[in-house]
Amino acid sequence: MAAISRKITLLVALPLVFELVFVGTLAVMLHQVNEEREKENYARDLTSHVNSALTSLLDRFSSCILYHVSDSQLFRKRFEHSRTRINAEISYLRRAVADPEHVAERAMVSRVETLLTQCIEHLQTAQGQLETGNKMLAARQWILADRTISELFVAIDDIVVSQQGQLEKRRAAQKAYMDGLEGLLVAGVIFNIALAFGLAYYFNRGTTARLKTVSENSLRLALDQPLAPPVTGDDEIAVLDKSFRQMAFALAESRRKERAVVDNAKDVICCIDREAVFTEVNPAAEKLWGFKGSNLVGTSLFQLLPEADGKAVQKLLESIVMDPSRGGDFETGILTASGAKVDFAWSVSWSPADRTFFCVARDITERKQIEDMKRDFVAMVSHDLRTPLTSIQMVLSLFAAGAYGQVTESGQENLAAAEGNVARLISLVNGLLDLEKMEGGKLELLRESTPVTELISASVAALRGFAEQQGVKIESGAVPDRDVFADRDRIVQVLVNLLANAVKFSPKPGLVRLLVLPEETSMRFLVVDQGRGIPASMREAIFERFRQVDAADQKVNSVPGSGLGLTICKAIVERHGGKIGVESLEGKGSTFWFTLPFLPGSVVS
């Protein structure tokens with residue numbers, strides 16, 4: 001049986017060869033039509049320019065006579081200008097018949113040129129005789145010119161008759177070619193349809209039924225039923241069926257190994273029911289928690305959680321049941337058999353069909369310790385870096401300004417890059433210090449009654465240039481004529497940060513909307529973008545230090561990010577007694593929102 005690859009090659013090659021031959025034939029015929037059209041145009045142009053030369057000659061004749069009858073300078077100018085036109089027509093006719101294939105036309109044009117030249121000379125002589133007052137000699141030259149013009153009429157008639165014959169001949173040839181093209185198109189379409197049906201029949205014969213067997217085996221595998229008998233032959237379908245059977249065997253083997261992987265995993269893998277009671281636990285629980293899996297089955301998860309974490313975990317599990325698609329990631333402590341507390345990160349998903357939570361718990365005690373060390377280290381570096389960085393920035397600015405001598409163009413570029421990096425480091429250090437002040441309750445806010453319109457206009461103005469550079473439009477809706485009790489500069493900082501993030505992650509061209517909605521006791525600000533959205537698992541984490549949706553977000557659209565912006569925004573809003581959050585649909589955009597109170601209230605410490 002022929003291999004499917006050879007069938008497919010035939011299926012592609014035959015139509016391709018036919019199309020190439022068909023297109024080639026069409027191209028040749030079209031080329032011939034164009035050649036005939038060019039020859040027709042040549043005959044028409046030759047006739048037109050010969051007649052134009054004769055017209056100019058007759059105009060010269062009449063202008064010569066009318067000038068001496070009326071003594072008008074207008075006719076004299078026409079007489080002089082006519083010779084230029086005649087010479088131009090003669091030059092064109094020479095070029096037109098210069099090709100070797102125009103031998104007959106060249107002879108006729110040569111005769112016309114000779115007669116035109118003779119007429120021009122007779123008229124020029126007559127003009128000269130009239131200027132001297134010798135009208136008898138002028139009349140004689142007119143008579144000679146008239147005789148020459150009569151001969152010129154005959155010569156031009158020969159050219160016109162010859163070219164009219166060529167025009168008829170070319171038109172007949174074009175019609176023949178066009179009729180041939182129409183016949184070729186009809187024949188090509190009919191042959192193409194017949195070829196398509198023939199190749200389809202050839203390809204389907206002996207192929208469809210065997211592919212159906214492979215498809216049926218896919219369904220049997222999904223239903224865990226025995227597979228149909230093997231497909232016979234040595235073509236690709238038989239090879240596919242053989243590979244499918246090998247895959248089915250590998251899947252069975254994989255299920256066996258999967259259990260072995262779960263049993264030997266270092267993380268705790270378990271199942272709990274709707275009431276958070278363990279139904280199945282892998283052996284890692286004994287090593288990490290000190291409890292055997294058999295002893296944990298039938299025990300509630302809440303018995304292993306600190307009292308402070310129990311309610312939060314219960315609430316999260318209930319929310320996962322209400323919306324199984326969201327899943328859940330959280331961190332909590334576990335009380336081991338020895339009474340020690342260890343930190344674990346949980347990944348939980350709910351299966352409505354099984355009415356079971358599938359959970360993976362990983363020991364993050366060491367990571368927590370590292371985070372505490374990192375926080376202390378960042379605090380130390382933030383305080384010890386800002387002053388020297390500011391000094392470095394000042395020196396670089398002085399260098400760029402030429403305070404220490406002239407700097408080359410290359411040096412200016414390097415200085416600009418260095419200044420940018422130093423500014424980014426200073427911004428990062430300042431952000432860390434602001435966070436420490438906010439978290440320590442040491443950041444003072446200058447809160448006062450501030451118009452919402454002022455906050456919106458200042459924020460949009462600050463981002464307008466950046467948005468235009470990124471190809472994104474910022475649009476603010478109707479702004480209520482209300483005041484909020486807030487620190488103007490800090491709230492503008494929040495709005496600018498949220499708008500900048502929205503612009504960075506918006507498609508180009510894109511639209512970012514800034515909306516303000518009044519509520520009962522507060523004002524809600526919303527920044528709506530059309531970006532990629534934020535996964536449900538990251539909607540709370542992105543407000544933490546150095547947390548971003550993707551590592552690649554560290555630099556988007558050539559705009560570096562530190563991972564501190566949203567953390568600072570959250571701290572500022574909460575210090576105002578407001579709330580901040582995000583709503584998002586992956587692939588459709590995000591809406592970051594926060595609220596601010598209308599009236600003075602207690603500052604959150």
Side-chain angles (χ1 to χ4, degrees), residues 431 434-435 438 443-534 539-540 542-543 564-585 588-605:
D434 283 348
L435 278 178
M438 292 173 187
L443 182 67
E444 295 184 1
L445 298 176
L446 303 177
R447 303 173 72 194
E448 58 185 2
S449 184
T450 305
V452 174
T453 54
E454 185 178 331
L455 298 174
I456 299 301
S457 60
S459 305
V460 173
L463 264 296
R464 183 174 290 110
F466 173 64
E468 291 176 354
Q469 181 184 2
Q470 300 299 322
V472 178
K473 180 181 179 182
I474 299 179
E475 179 180 283
S476 58
V479 180
D481 187 16
R482 299 288 299 273
D483 290 359
V484 290
F485 190 65
D487 184 322
R488 177 191 179 280
D489 293 338
R490 289 296 182 180
I491 297 305
V492 170
Q493 178 183 353
V494 172
L495 287 170
V496 167
N497 188 286
L498 296 181
L499 287 171
N501 285 344
V503 170
K504 283 197 296 182
F505 294 103
S506 290
K508 301 177 182 179
L511 174 67
V512 173
R513 291 187 297 157
L514 177 56
L515 307 177
V516 184
L517 303 176
E519 297 180 343
E520 185 176 351
T521 59
S522 62
M523 187 72 75
R524 180 179 290 263
F525 297 79
L526 303 97
V527 176
V528 184
D529 64 46
Q530 300 170 334
R532 68 189 181 197
I534 300 172
R539 290 173 194 167
E540 294 184 6
I542 57 174
F543 290 96
L564 291 176
L566 292 177
T567 310
I568 294 175
C569 290
K570 183 174 185 291
I572 291 175
V573 170
E574 291 180 350
R575 282 277 292 164
H576 279 77
K579 297 180 180 179
I580 188 170
V582 61
E583 299 171 0
S584 180
L585 288 175
K588 295 185 178 180
S590 304
T591 299
F592 283 82
W593 59 267
F594 67 91
T595 59
L596 292 176
F598 287 131
L599 301 176
S602 60
V603 176
V604 178
S605 61

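Excluded from the calculations below are hydrogen atoms, water molecules and symmetry mates; all remaining heavy atoms, backbone and side chain alike, are included. For this chain, numbers begin at 1 and follow the sequence in order.
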List the steps and the verdict of side chain to side chain contact (heavy atoms under 4.5 Å, CB included) for Phe592 and Ile534.
CA-CA 11 Å; Phe592 283 82; Ile534 300 172; 3.5 Å; yes
Stepwise, does the side chain to side chain contact (heavy atoms under 4.5 Å, CB included) test hold for Lys504 with Gln470?
CA-CA 7 Å; Lys504 283 197 296 182; Gln470 300 299 322; 6.0 Å; no
To the nearest 0.5 Å, what is the distance between [atom1] on [X] and [atom2] on [Y]?
{"X": "Met523", "Y": "Thr595", "atom1": "CE", "atom2": "OG1", "result": "11.0 Å"}
{"X": "Ile572", "Y": "Ile568", "atom1": "CD1", "atom2": "CD1", "result": "6.5 Å"}
{"X": "Leu499", "Y": "Phe525", "atom1": "CG", "atom2": "CZ", "result": "11.5 Å"}
{"X": "Asp483", "Y": "Phe598", "atom1": "CG", "atom2": "CZ", "result": "9.5 Å"}
{"X": "Phe485", "Y": "Glu448", "atom1": "CZ", "atom2": "CD", "result": "8.5 Å"}
{"X": "Asn501", "Y": "Ile542", "atom1": "CG", "atom2": "CD1", "result": "8.5 Å"}

Closest contact, heavy atoms only, [X] versus [Y]:
{"X": "Ser506", "Y": "Asp529", "answer": "OG-CB, 3.8 Å"}
{"X": "Leu511", "Y": "Val472", "answer": "N-CG1, 4.2 Å"}
{"X": "Val582", "Y": "Ser590", "answer": "CG2-CB, 4.3 Å"}
{"X": "Gly565", "Y": "Asn497", "answer": "CA-ND2, 3.2 Å"}
{"X": "Pro480", "Y": "Pro518", "answer": "CG-CD, 3.9 Å"}

Pair Asp489-Asp487, side chain to side chain contact (heavy atoms under 4.5 Å, CB included): steps then yes or no:
CA-CA 6 Å; Asp489 293 338; Asp487 184 322; 3.9 Å; yes
For residues 453-466, run the donor-acceptor check on the side chains, cut-off 3.5 Å, and write out each pair with its distance to 0.1 Å, sequence neighbours left out.
| unit_1 | atom_1 | unit_2 | atom_2 | d |
| --- | --- | --- | --- | --- |
| Glu454 | OE2 | Arg488 | NE | 2.6 |
| Ser457 | OG | Thr453 | O | 3.1 |
| Ser457 | OG | Glu454 | O | 3.1 |
| Ser459 | OG | Leu455 | O | 2.8 |

Counting C-beta onward and ignoring hydrogens, is there a side-chain heavy-atom pair between Gln530 and Pro507 closer than 4.5 Å?
yes
I'd like to check Leu515 versus Trp593 (side-chain heavy atoms, cut-off strictly below 4.5 Å). Are they in contact?
no
Pairs in or reaching into residues 510-522: which pass salt bridge (charged side-chain N to carboxylate O under 4.0 Å, His left out), with residues at least two apart or in two chains?
Glu519-Arg524
Backbone N or O of Pro597 within a donor-acceptor pair of the His576 side chain at under 3.5 Å?
no
